[in-house]
Amino acid sequence: MADNNETKQIDDLREAMMQQDYKEVRRLCSEVPEGPLQRISIYNDTVLHMAAHSKQEDLLLDLLNMIPPDGNHRLSNIKNNDGNTILHEVATSDAMKNVAVVLLQRDADLLTNPNDLGEKPIFCAARFGQSQMFEFLAKKMKPSNNVISTECFQRKDGKTVLHISIATECFDLALLIAQSLPFLIEQRDQSSMTALHYLACNPTAFQMGEIQTRREFIELLNISKFEAPTRLVKFFSSICIIG
């Protein structure tokens, strides 16, 4: 159990993060027992998690340098209440790519360590439409034999990164995913819905593209599986250009 002095340091560290006093954050991290791995939120976020939330690249890199590479804690084992690792949080922003590089150099298992939903960090890039981060992580996930498993891009409920990018209306990234990972187009979630179904249920997509009505698009769901990938990519292309 933390003593009064340690509790005050943790409270001060939390306050410094909230006030964006990053000089003080660095100082306090050098004093608390867990350093940058100190948990400071009710969600069990560490200082590193919070710095990632704030998109503070320089601060994150400095804090990572404070953690001995051969320390007792593997970064892939440091998770918050949602099961998110530091890389899950970093993956929400293209601007944090340099941090992602350093994190994976420190612990390669971060790449495929899932959160409680079964989402690997690449899902966070998909959810926020971060194309550069998505491409970076996807390339890292590509095995030496070039045989990519669907499991890498699918979570517990069957939703894939393509489902997620459509649901969050990140159509530019959805187009990239459809083109680079076409085997995801026909993948179904636990409700048996494919990417085409997600598009059919999304009114925003129909406002942006050349397909003007839901009825017309739903008809596309009846096309053969051999034509579906081509039609889907064409549809994405239209909404990305017009939108």
Side-chain angles (χ1 to χ4, degrees), residues 52-53 55 82-85 87-97 100 110-142 148-211 214 217-218 220-221 223 225 227-243:
H53 291 166
K55 308 293 187 292
D82 293 323
N84 286 338
T85 65
L87 186 57
H88 280 90
E89 307 298 344
V90 165
T92 63
S93 173
D94 282 342
M96 304 292 280
K97 183 181 172 182
L110 284 165
L111 186 66
T112 55
N113 200 323
N115 62 16
D116 292 348
L117 293 175
E119 296 179 337
K120 297 173 178 63
I122 198 169
F123 270 84
C124 296
R127 180 173 292 107
F128 290 91
Q130 302 301 295
S131 299
Q132 292 178 34
M133 182 66 77
F134 185 94
E135 287 187 283
F136 168 73
L137 295 174
K139 287 177 182 177
K140 289 290 184 180
M141 294 172 76
K142 189 175 182 179
I148 303 176
S149 170
T150 303
E151 187 179 299
C152 294
F153 306 98
Q154 196 164 26
R155 67 185 200 184
K156 290 178 181 179
D157 62 3
K159 287 186 175 70
T160 68
V161 289
L162 183 55
H163 285 111
I164 295 298
S165 62
I166 295 172
T168 55
E169 302 181 3
C170 299
F171 295 119
D172 286 332
L173 180 53
L175 172 60
L176 171 66
I177 296 172
Q179 291 174 327
S180 59
L181 302 169
F183 58 88
L184 294 181
I185 293 173
E186 294 180 51
Q187 291 297 314
R188 297 175 182 270
D189 65 14
Q190 65 182 12
S191 299
S192 199
M193 292 183 69
T194 66
L196 287 167
H197 290 101
Y198 272 52
L199 275 173
C201 295
N202 189 322
T204 302
F206 294 93
Q207 293 168 6
M208 297 170 66
E210 63 184 17
I211 300 177
R214 286 171 179 259
F217 187 74
I218 290 173
L220 294 183
L221 300 180
I223 64 179
K225 67 178 182 179
E227 295 176 5
T230 300
R231 292 290 189 91
L232 183 59
V233 170
K234 180 179 179 181
F235 178 73
F236 277 139
S237 297
S238 72
I239 62 178
C240 288
I241 294 172
I242 295 175

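Not measured: the values here are computed from a predicted model.
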Residues two or more places apart in sequence or in another chain: which of them pass side-chain contact (heavy atoms from CB on, under 4.5 Å) with [X]?
X: Asp116; value: none
X: Gln187; value: Thr150, Gln154, Thr160, Leu184
X: Ala91; value: Pro121, Cys124, Met133, Leu137
X: Lys140; value: Leu104, Leu111, Phe136

Checklist entry - Got a donor-acceptor contact below 3.5 angstrom from the Asp94 side chain to the Gln132 backbone? => result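 Yes, because the side chain of Asp94 sits within donor-acceptor range (under 3.5 Å) of the backbone of Gln132.
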Checklist entry - Any donor and acceptor pair, going by atom type alone, linking the side chain of Gln130 with main-chain N or O of Phe128 inside 3.5 Å? => result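 Such a contact is found between Gln130 side chain and Phe128 backbone.
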Next on the checklist: Nearest 0.5 Å, please: how far is CG in Leu162 from CG in Leu199?
Outcome noted: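 These two atoms lie 8.0 Å from each other.
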Item to check | Separation of Ile122 CD1 from Phe153 CZ (nearest 0.5 Å) | outcome: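 Answer rounded to 0.5 Å: 5.0 Å.
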Item to check | Residues forming a salt bridge (charged side-chain N to carboxylate O under 4.0 Å, His left out) with Lys120, sequence neighbours excluded | outcome: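 Partners of Lys120 by the salt bridge (charged side-chain N to carboxylate O under 4.0 Å, His left out) criterion come out as none, since no residue qualifies.
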Next on the checklist: For Glu119, give me all partners under side-chain hydrogen bond (donor to acceptor under 3.5 Å, both in side chains), at least two apart in sequence or on another chain.
Outcome noted: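 With neighbours one apart ignored, the set is Asn115, Arg127, Arg155.
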Next on the checklist: Just to verify, what does Ser165 make a side-chain hydrogen bond (donor to acceptor under 3.5 Å, both in side chains) with, not counting sequence neighbours?
Outcome noted: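 With sequence neighbours excluded, Ser165 shows a side-chain hydrogen bond (donor to acceptor under 3.5 Å, both in side chains) to no residue whatsoever.
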Next on the checklist: Before you tell me yes or no, could you show the steps for Phe134 and Val161 under side chain to side chain contact (heavy atoms under 4.5 Å, CB included), namely the whole-Å CA-CA distance, both residues' side-chain angles and the distance that decides it to 0.1 Å?
Outcome noted: CA-CA 10 Å; Phe134 185 94; Val161 289; 3.9 Å; yes
Item to check | His88: ring-ring contact (aromatic ring centres under 6.0 Å, His included) partners, not counting sequence neighbours | outcome: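 None.
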Checklist entry - Residues two or more places apart in sequence or in another chain: which of them pass ring-ring contact (aromatic ring centres under 6.0 Å, His included) with Tyr198? => result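 In terms of ring-ring contact (aromatic ring centres under 6.0 Å, His included), with neighbours along the sequence ignored, Tyr198 is linked to His163.
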Checklist entry - If you take all heavy atoms of Met193 and Cys201, which pair is closest and at what distance? => result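 Nearest pair, atom of Met193 first, then Cys201: CE-SG, 3.8 Å.
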Item to check | Which atom of Ala100 lies closest to which atom of Leu87, heavy atoms considered | outcome: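 Here Ala100 and Leu87 meet closest at CB-CD1, 3.9 Å.
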